[in-house]
Each structure stands twice: as structure tokens, then as C-alpha cells.
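Here's the structure we're looking at; comments come further down.
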Amino acid sequence: MPEESTPSHHQQVVELAKRRGFFFPANEPYGGVAGFWTYGPRGATLKHNIESRWRERFAIGEGHMEIDSPTIFPEPVFEASGHLRDFTDMIAECPACGRAHRADHLVEATGEVADAEGLSITAIEALMDDLDVHCPDCGNSLADVAVEEFNLMFKTAIGPGSGETGYLRPETAQGIFVDFNRLAEYARNQLPFGVTQIGRGYRNEISPRRAIIRVRELTMAELEFFIDPERDEPDFSQVDDGQVVLYPVAAQEGDREHRHLDVVTAVDEGIITNAWVGYFIGITHTWLTDLGVDPERLRFRQHLPGERAHYARDCWDAEVYLGSDWTELAGLADRGVYDLTKHAEATGEEYTVFRAYDEPKTVERAMVDPDMATLGPEFGERATAIADELERLAATDPDAFDTDTAVVVEVGGDTLEVPVEATGFSIETVTEAGEGVRPEVVEPSFGVDRLVYTVLEHSYHEDEIDGEERRYLALPPSIAPTLAGVFPLLRSDDLSERARMIERHLADAGLSVAYDETGNIGRRYRRQDEIGTPFCITVDHQTLEDDTVTLRERDSTEQIRLDTDSLAAILRDLRDGRSTFEDVRGDADSVMRGVDG
RNA sequence: GCGCCGAUGGUCCAGUGGUAGGACACGAGCUUCCCAAGCUCGUAGCCCGGGUUCAAUUCCCGGUCGGCGCACCA
């Protein structure tokens, strides 16, 4: 188990992060505000690199579209999405022991009320009184306790004066759902398609904790993937067939054992019910481990039924072990048609994609064409309502028109008789080419800040080189803030000048390099080790003779000698994953040193 | 939001009712030169507000921030 083999380095990572500029509390001179952090020079670059890798894999790599929506939305959007109601918790604090509880949960726990979440505060207070609710911790009566509202969305005012109420988005997803119709048009109305967004979201957390793990302003990377559930199947040939660690509901409630399976088998055996969720679990696993997340400390845990968000039919979290416990890194949710349906209801827009039938269908359909010239004088202001009711009746009960005299309709509580000849009833044969389909949504949603933290903690290592302790970050070259350090072996005019030239050459080639000539060479290696720089290039006296330099690899501290001409291309290949240090070493002349022991 | 603990250079800590010291780091220089070497010099700090006191970084109260536990995490 991870508990035994992988001690937490949380303290060391946070200390290193502050000291070397990965992240630090924001606004410290003003005392700071909990839950807000600034990324320093190394952290901002690391985060940016991780976002770029996400974009490559989940947007470009999957052929999806990226958008960038506002972070402030008007109130009706969250009214429709359910966030306004479900993001507001009702808290009741016990006067005896001081513990806060969800008031609606207390009421539901009595068994008298099935769903208290949507009730008003006064209704909940009355129920707590009537049902004689007691504190689950100390047993004190909560009958007269005031219920307070705690809204986890940040509220703001749009425009001057009383303005319009707005909220900072708690997830980037709504910006995609709201504008679905336009986005579907950009996708040429072809399912499946995906839309991604990387951006900030805001949650007024009750208790921000653990540095950048739980914050009030966070960066999310989300993919909303729209599928036709009857037609679209994932292509599992794109998914690594290696095993992933799964922790389904049945295991959580039963033997508590993790399942080690490949995702295709997990889908085939019904452990993962939505094949697309299985697909994204597969590519998420590969993507995360490529970034340096330790596969031994990564699992996919299915949400328990009571744990799911209001919009989710099913959800699997990618969880990482961070010393103290398992922490959610990403959520892979089956949101079904929930969001699009809600926005369709609220706006009257379609939120569907037209799907042609294989063959146009010819169907017989009961139609009405009410003769308003008759109904108007006859029924006055009720004529329009009668026409609507006739249309409904034709669709649901065409036999009602099978009469020689009058059709009976109920409008506004009155039973009225409409002469059948005035209804314009007929059975028409119509040809339908297709129908509007409301796609289902599968959503991989990543917490970028947590990923930054996890990559740091999982890559943190301590070892010993020549009897000296060393700490280093084993960051992959694809995300390391600096790709290579460039040093003169010692500070002298000729070596420094030559090293400066190489630094310039590599920077011009678009590589992130850092020149350093202070202190002795060992100190400079350690500096770069500590911020996760994977390679160091050293210019020595031999460089002046044959134009070669040494290339040192961080984790092994091995060095090889290379022609300076080939440096830029080799470093670029190393950064972009086209080759490894092992490959380069195999091609090189000599190995100069390695790890001791 | 509750409870416990903490807050002193960039980082990690020691200490004191009369405004502070170490280690590491950082900068300048000398020396050495392929893995945090040595020497000299230098930069830099008591979370905020109130109270007690002649005097508060120190004691008391409140707040803020951080860590942990509980609750929460849609």
C-alpha cells in the first residue's frame, strides 16, 4: 500500500515551493486571504507547460475545439444549471458542541422528508422544530436553532447601481453548455464532438487547506464531449492496454480491494458502465503518468450514489495518494442530458443536433388545422387555448376526433364542445428525414492546481551523491520549467564566453535554458536539480579544442559528451519525448560518470 | 465554521519585558575545479490591531495566515 512505501513530502514540497518560486500565499504583506495563492516564476511556467500538455492531448489530440468563455455569468444561467440551489448549503450549528451540520441532511435523516435540499430556510427551520431534530454528535436539541445559508458561489453585481446579479463560475463547463447550439454549428452538426476550456473557476470554500490543493480560485481544464448514445462508440485502439487501478462502488461497499484491470476488460465486464468514461479513464491514466504522477499512487474511484453531483449519472474520480490521503485530481463524469435539457427548458432553445434517419420515414400523423374564423366568434378569448388543446389531443388521443358531432376539450377547467368540422382534423402522411437528438455528455474535468502540486510531490526525491545529500524534482522534460542549465566548468573569460554563446544558441532555438557561473560546478548542478531541470550542459577546456560539451542527466547524474552542433536538436527531441537520455547515451562516445553504488 | 498547535531574515529554527542569534540560501571577492569544498566581506527578520507596562518581538485579548482533527468539498 502507498501508506507504507511512500512517505509524504508535503512539508518539504511546500518549503521548496516557497523558497524556489513555485507558489506562495498571495497578498502576504496585507496578511493574506486563505485560499489564494500566486504561482512564482517556476510554478507559472510549470503550470503553463502542464496546460499545454493537456491541450495537446485532450483538445488537439482528440480533434476537439477549445473555447474561452467569461468567468462571470448572469443569475439565470445558474438557476437553470441547478448550481444556485445546489451550491447553497443550509448550515445549522449546534449551540452545545459547536459543530456545523447540513440542515437539510438533518431533516432528511429523520426519514420523514425525502428531499429537503430544495426547501426554503424557513421551511427547514419549521421542520427541524416539528421533527425534533437533535445534534448527531452530542444529542443536543436543534429545534430552535437558526439555519444559515452558505453559498459556495461568489456573488457579484453586473453594472452600476442595483445592476444585475452575477456569479463567478464554479466550473468552466457552463460556458460550453450555454452556447451549445452555436458550438454544434461550428462542429458542422456532427456528433460526436468535444469542446474544451482551460480557465479559472471560483468556489467560496468553507475551509481552504493544504496549500494549493484546496483553494478558492482555481484553474480547471475541462472537456465536454457530446455523444449520440445510440451510435457513438469509443475507439479503444487509442487507449493504452495496460492496467489501471479501479475502485468501484461494489468494492468500496464490499471487500475494499482495488481492481487492477485494463479499461477494455473493465467496460466489457460492466465495472465501468459508460464506455466513454472507460475510454477517458484509459487516456487520463496514460497522460497523468507521462507527466510524472506515480502510477502506484493513482487510482480511479467511482462515486458512491449519495456522493454524486446533482448533474451526474455516474462519476469516476482520478485520485492520487498524497501522503496523508487520497485526493481528487480529476473527475470523469457521465452528465447524461442533464445540462442541455436544463438550458433548453430555461431558454426555449433546442439544444439538439439533427440526426438523419438511415432511410427517411413515412409516418401517418394525426393533424389539426383549427378553423379560427369559427372558433374566434364562438369562444372569444379562449379560442387560442382551445386550438392548443386540440393540437395536444390530436397527438395523444386521435380517437377523440372520431365523432360526427363535437370534440370535447377541457380548457381552463371548463368542458367545451367544439364542432368536429371546425377542428380541421385529418390523418396526414408525412416524410421525416431525421430528428433532433439531445446528445449525452461525458466530462473529463481536471484540477490544474492539484495536478501541479501532485507532480511536485510525486517527483520529489532525496538521495545521496558522493556522500552528499541531494534533493531533486524528477520532472519530465516535457513540463520542467527549465530544460537545461548551461555552465562554464569554472569562471574564466574563455569558458564563460563559450558557454554564453551556447546559451544564446539554445535560447534562439526556442529552448528554455539557464546560464550560471557562480560557485563551484557541483552547487550549480544541485540548484538545477532542486527545481527539476532535467539536463545540464558544461563547457570545459576540451570544448575549446574539439567543440564538444558534457550533457548531464539529472536523475542518474550521468554525463555524456556531445558535439555542440547537435545539442539543440537533441535537447528538443528529449523535451518533446522523441528520445530519452538512454537513447542519446547509446549514441554518444563515452559515459563519464554515474550514480554511486 | 468548530477545536488543538503554531507564526522571528529568502528558507528552517533558537531566544529575550530593555527591539535579536545560528544554519542554509543569496550577493561581492579570493582560491579550488565535474557534483552543495574553504576563506573574507556583505544584504536581510520579530504577522496585524488593542490592552498591561516607563518600556512588548516576548505577557493578555481579538484578528489574520498556516498545519492537523471534525464538519464541508455541489
Side-chain angles (χ1 to χ4, degrees), chain A residues 10-12 14-21 24-37 40 78 81-89 91-102 105 117 135-137 148 150-153 170-171 203-211 213-216 218 303 306-312 315 317 324-325 327-328 331 333 447 464-472 487-492 495 518-530 536-542 549-550 552 554 557-559 561 592-596:
Chain A
H10 179 78
Q11 297 295 338
Q12 293 93 318
V14 171
E15 183 269 315
L16 192 154
K18 285 198 278 193
R19 187 163 45 78
R20 301 307 304 271
F24 55 87
N27 302 306
E28 270 189 311
Y30 286 90
V33 181
F36 296 94
W37 293 72
F78 294 123
S81 72
H83 286 88
L84 203 56
R85 196 190 74 172
D86 291 320
F87 219 59
T88 302
D89 289 343
I91 304 280
E93 191 179 320
C94 175
C97 70
R99 292 183 200 277
H101 303 278
R102 286 271 302 261
H105 288 180
E117 205 172 299
C135 175
D137 287 307
E148 286 179 31
F150 187 79
N151 195 325
L152 290 166
M153 281 198 292
E171 57 172 1
R203 301 175 181 190
N204 201 0
E205 293 286 350
I206 295 171
S207 178
R209 284 288 164 86
R210 298 167 67 203
I213 292 290
R214 194 194 300 180
V215 289
R216 291 187 164 127
L218 55 145
H303 278 200
E307 186 180 0
R308 289 193 293 264
H310 62 274
Y311 50 70
C315 187
D317 280 350
S324 51
D325 53 16
T327 299
E328 176 191 352
E464 202 169 282
I465 302 296
D466 294 347
E468 297 283 348
E469 285 181 17
R470 178 176 79 134
R471 11 171 30 192
Y472 66 100
F487 315 139
L489 181 57
L490 51 93
R491 187 168 9 185
S492 69
L495 291 184
T518 64
N520 69 47
I521 190 71
R523 177 182 296 270
R524 286 175 261 156
Y525 287 144
R526 301 301 170 83
R527 267 190 199 131
Q528 296 301 327
D529 288 345
E530 198 175 37
C536 289
I537 293 151
T538 302
V539 171
D540 56 18
H541 292 101
Q542 190 178 334
V549 291
T550 61
R552 169 194 184 265
R554 173 197 60 212
T557 76
E558 277 184 12
Q559 287 183 302
R561 203 163 254 289
M592 296 180 64
R593 59 170 282 136
V595 182
D596 288 16

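Chain letters run A, B, ... following the sequence lines, proteins first and then strands; every chain starts at 1.
- Distance noted for atom P between B:U52 and B:U57: 15 Å (whole Å).
- The existence of a salt bridge linking A:Glu171 and A:Arg203 is excluded, since no basic side-chain nitrogen approaches an acidic carboxylate oxygen closer than 4.0 Å.
- Going from the C1' atom of B:C47 to that of B:A37 covers 38 Å, rounded to whole Å.
- Comparing the same atom, C1', in B:C54 and in B:C13 gives a spacing of 33 Å after rounding to whole Å.
- Using the six-membered ring where Trp is involved, A:His83 and A:Phe78 have ring planes that are perpendicular, over 60° apart on the 30 and 60° scheme.
- In secondary-structure terms, RNA chain B builds stems of at least 3 consecutive Watson-Crick or G-U pairs, each pair having both distances under 3.5 Å, at B:1-7 with B:64-70, B:10-13 with B:21-24, B:26-30 with B:38-42, B:47-51 with B:59-63.
- Comparing the C1' positions of B:U8 and B:G22 gives a spacing of 12 Å, expressed to the nearest Å.
- Between A:Asn520 and B:C33 there is no side-chain polar atom (N or O) within less than 4.0 angstrom of OP1 or OP2.
- The C1' atoms of B:G63 and B:A7 are separated by 14 Å, rounded to the nearest whole Å.
- Listed nucleotides: B:A74, B:C12, B:C34. Nearest to the side chain of A:Pro170: B:A74.
- Side-chain contact annotation: A:Thr327 with A:Arg210, donor-acceptor N/O pair under 3.5 Å present.
- Of the C1' atoms belonging to B:C72 and B:G1, the separation is 9 Å, rounded to the nearest Å.
- Closest to the A:Gln559 side chain, of the nucleotides B:A74, B:G67, B:C35, is B:C35.
- Here the separation of B:A56 from B:U43, taken at their C1' atoms, is 28 Å to the nearest Å.
- As rounded to whole Å, 10 Å separates atom C1' of B:U11 from atom CG of A:Leu16.
- With distances taken from any side-chain atom of A:Glu530 to the nucleotides B:C35, B:A71, B:A36, the minimum falls on B:A36.
- There is a side-chain donor-acceptor pair under 3.5 Å between A:Thr538 and A:Tyr525.
- Side-chain atoms of A:Arg209 lie closest to B:G69 of the nucleotides B:C33, B:G69, B:C65.
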Letter per nucleotide, 5' to 3', of nucleotides 24-29 of chain B [B base touched, S only sugar-phosphate touched, - untouched; heavy atoms, 4.0 Å]: -SSS-S
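- Judged by atom type and distance alone, A:Ser207 does not reach the base of B:C72 through any side-chain donor-acceptor pair under 3.5 Å.
- Of the candidate nucleotides B:G1, B:U11, B:A74, B:A74 has the atom nearest to the side chain of A:Ala309.
- Under the salt bridge (charged side-chain N to carboxylate O under 4.0 Å, His left out) criterion, A:Arg552 pairs with A:Asp529, sequence neighbours left out.
- Counting only heavy atoms from C-beta on, A:Trp37 has its side chain closest to B:G66 among B:G66, B:C34, B:A71.
- Of the options A:Arg527, A:Arg524, A:Gln528, a side chain to side chain contact (heavy atoms under 4.5 Å, CB included) to A:Cys536 is made by A:Gln528 and by none of the others.
- Taking atom CZ on A:Arg552 and atom P on B:A36, their separation rounds to 10 Å, with Å as the unit.
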